[in-house]
There are 2 protein chains.
Amino acid sequence: MSLLVTGSIGVDTIETPFGTRDGVVGGSAVYFSYAASMFASVRLVGVIGPDYPIDLANLFKGRAVDLSGLETRAGSKSFRWHGSYLKDMNEAQTVSVDLNVLAEQAPKIPAAFLDSRYVFLANTHPQLQLAFRRSLTQAKLVVADTMNLWIETTRDDLKALLREVDGLVLNDGEARLLTGEKNMIRAARAVISMGPKFVVIKKGEHGAMAAVGNEIITLPAYPAEQVIDPTGAGDSFAAGMMGYLTASDRFDAATLRRAMAYGTVTASYTIAGFSLEGLAQADKKRLDARLETLRASMAF
Amino acid sequence: MSLLVTGSIGVDTIETPFGTRDGVVGGSAVYFSYAASMFASVRLVGVIGPDYPIDLANLFKGRAVDLSGLETRAGSKSFRWHGSYLKDMNEAQTVSVDLNVLAEQAPKIPAAFLDSRYVFLANTHPQLQLAFRRSLTQAKLVVADTMNLWIETTRDDLKALLREVDGLVLNDGEARLLTGEKNMIRAARAVISMGPKFVVIKKGEHGAMAAVGNEIITLPAYPAEQVIDPTGAGDSFAAGMMGYLTASDRFDAATLRRAMAYGTVTASYTIAGFSLEGLAQADKKRLDARLETLRASMAF
């Protein structure tokens with residue numbers, strides 16, 4: 001079973017209390033593919049410019065990531081993001097952003113990817129997410145991410161998307177903004193009423209919760225002592241979760257609980273280093289070990 | 001095995017988005033005793049004035065709470081607190097506080113209570129907590145609570161107390177203030193280095209974590225959809241936890257994890273109503289049922 005992801009591929013500059021990294025690899029589709037490939041074969045769909053400074057084929061070497069949906073668009077420039085966590089490790093401040101190729105036409109999904117059964121639509125304009133979703137007619141599970149910008153500026157498009165996807169992943173602030181509910185259980189139920197079968201709310205250092213129909217899932221974060229760079233934590237969480245669902249080929253509540261636990265431990269590797277440095281230390285065996293540590297820390 | 005608690009007995013006025021209650025029963029020792037009596041026999045030590053408007057003997061009727069350590073002090077006035085959650089359900093704003101009898105001499109621990117094995121020192125001046133602690137020479141487990149005021153104004157006294165108690169319970173903001181660590185795992189380890197065998201950090205809607213020696217415990221909150229009045233949630237959490245430890249007569253990490261889960265579900269009843277109205281709906285059987293709901297919501 002393979003897992004398709006559409007999302008950004010970026011060049012990041014990141015400032016945290018632990019230092020600065022300039023021109024490192026980033027973007028939701030990159031974090032997602034890198035992490036999810038520990039669980040399942042990943043099909044990456046994204047677009048960069050010829051200026052992209054990192055060799056992605058080399059970056060993904062030895063990983064189960066199919067890059068045939070990666071477009072290098074002549075005459076365009078790559079997406080660049082400069083973020084800072086100097087004020088708050090829990091929320092990036094965008095110092096500057098150059099959408100460049102992300103503001104242009106979306107990349108095409110290769111014909112060979114159109115039979116994808118598991119799909120993650122990383123955060124982008126909901127109209128674009130809906131177009132992707134509709135073209136993937138064989139999909140068994142489609143999960144979307146979103147962000148404040150789309151909730152605030154394209155709410156109707158987002159609501160149209162929510163009627164056609166199976167799951168939504170978002171953070172607590174976004175859930176509050178989307179539903180007007182401060183209580184996360186009520187917020188989750190409100191999202192369910194908009195269409196998806198399940199919603200997963202990421203709470204950073206406070207863990208994650210979900211509603212699957214009437215059922216509530218709640219998980220603490222992995223007890224991480226050192227957070228070096230939170231960039232990509234949310235995408236890595238989604239990757240561990242979607243990777244496990246894909247590998248299991250099911251998405252009932254019990255499977256989703258375990259998938260979220262894998263998301264939790266996957267993200268715990270991401271935050272331990274800049275860019276992909278933390279995730280590079282992870283493998284399935286180490287994720288399994290952390291899963292047991294997490295389980296032990298909350299067993300009663 | 002019986003459990004002694006020293007703490008405040010108050011008359012509260014509480015404002016939340018769900019309404020206002022004037023002149024209702026409150027105070028850490030009251031919430032604690034009311035909740036802990038579902039697990040173990042409780043010995044209450046506290047002081048009120050003759051003006052106290054609520055019949056405490058009647059309030060605790062049918063509950064395993066020994067009130068022989070309750071002093072009604074002639075010529076003094078009862079502690080009163082007026083708090084508001086209109087701005088933030090997660091943090092009370094004190095509208096007014098009249099310490100009254102709490103600012104006077106501490107109540108005496110009755111001779112018959114001096115053999116207490118399990119002790120909870122609810123939040124008060126750390127010198128007073130230390131005096132209580134030292135007089136309870138038979139104690140097997142002494143756990144203290146504290147607050148920002150003492151961390152800021154009597155840090156040395158608090159540190160002296162921490163060298164002589166077995167456990168500390170505090171919230172995340174207090175843990176940050178006490179240790180200077182933003183990361184809660186590091187904060188917990190820093191508290192351990194000050195003396196106690198374990199520290200429990202309450203995170204409100206985000207659950208709780210603890211360090212027991214080198215071991216970390218992490219638990220989500222009970223998925224509560226409706227929070228009417230958070231007053232007493234922290235005391236109720238401590239009560240469920242201490243009540244279970246007392247009933248078990250042990251406090252190793254595995255027992256503490258289960259004790260914290262009981263604290264979690266006990267607090268989930270407290271927040272569902274004003275003053276003691278929520279807790280009044282709880283009994284051991286219902287707590288056990290919620291324990292299973294909590295377990296199911298996080299099983300992977």
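Remember, predicted model here, so these are calculated numbers, not experimental data. Side chains are part of it too, since the values below use all heavy atoms of this structure and drop only hydrogens, waters and symmetry mates. In the text below, chain A, chain B and the rest are named by the order of the sequence lines, each starting its count at 1.
Residues B:R189 and A:E225 form a side-chain contact, since some pair of their non-hydrogen atoms from C-beta on lies under 4.5 Å apart.
Partners of B:A122 according to the side-chain contact (heavy atoms from CB on, under 4.5 Å) rule, which considers only residues two or more places apart in sequence or in another chain, are B:S28, B:F120.
The candidate from A:M209, A:M184, A:M89, A:K203 with the greatest count of non-hydrogen atom pairs under 4.5 Å with chain B is A:K203. Your options are B:T218, B:L256, B:I216, and the one with the most heavy-atom pairs under 4.5 Å with chain A is B:T218. Highest contact tally toward chain A, considering only B:A259, B:A253, B:A261, B:A188, is held by B:A261 [criterion: heavy-atom pairs under 4.5 Å]. Between chain A and the options B:K182, B:E205, B:E215, B:R258, the largest number of non-hydrogen pairs under 4.5 Å is found for B:R258.
Within 6.0 Å of CZ on A:R155 lie more than 12 heavy atoms contributed by other residues, nucleotides or ligands. Under a cut-off of 6.0 angstrom, the local environment of CD in A:E91 is sparse, with at most 12 non-hydrogen atoms contributed by other residues, nucleotides or ligands.
Contact of A:A210 with chain B is not made at all, since no heavy-atom distance falls under 4.5 Å.
Of all residues in residues 286-300 of chain A, those placing a non-hydrogen atom less than 4.5 angstrom from a non-hydrogen atom of chain B are A:L291, A:L294, A:R295, A:A296, A:S297, A:M298, A:A299, A:F300.
Between the side chain of B:N183 and the main chain of A:A224, a donor-acceptor pair closer than 3.5 Å is present.
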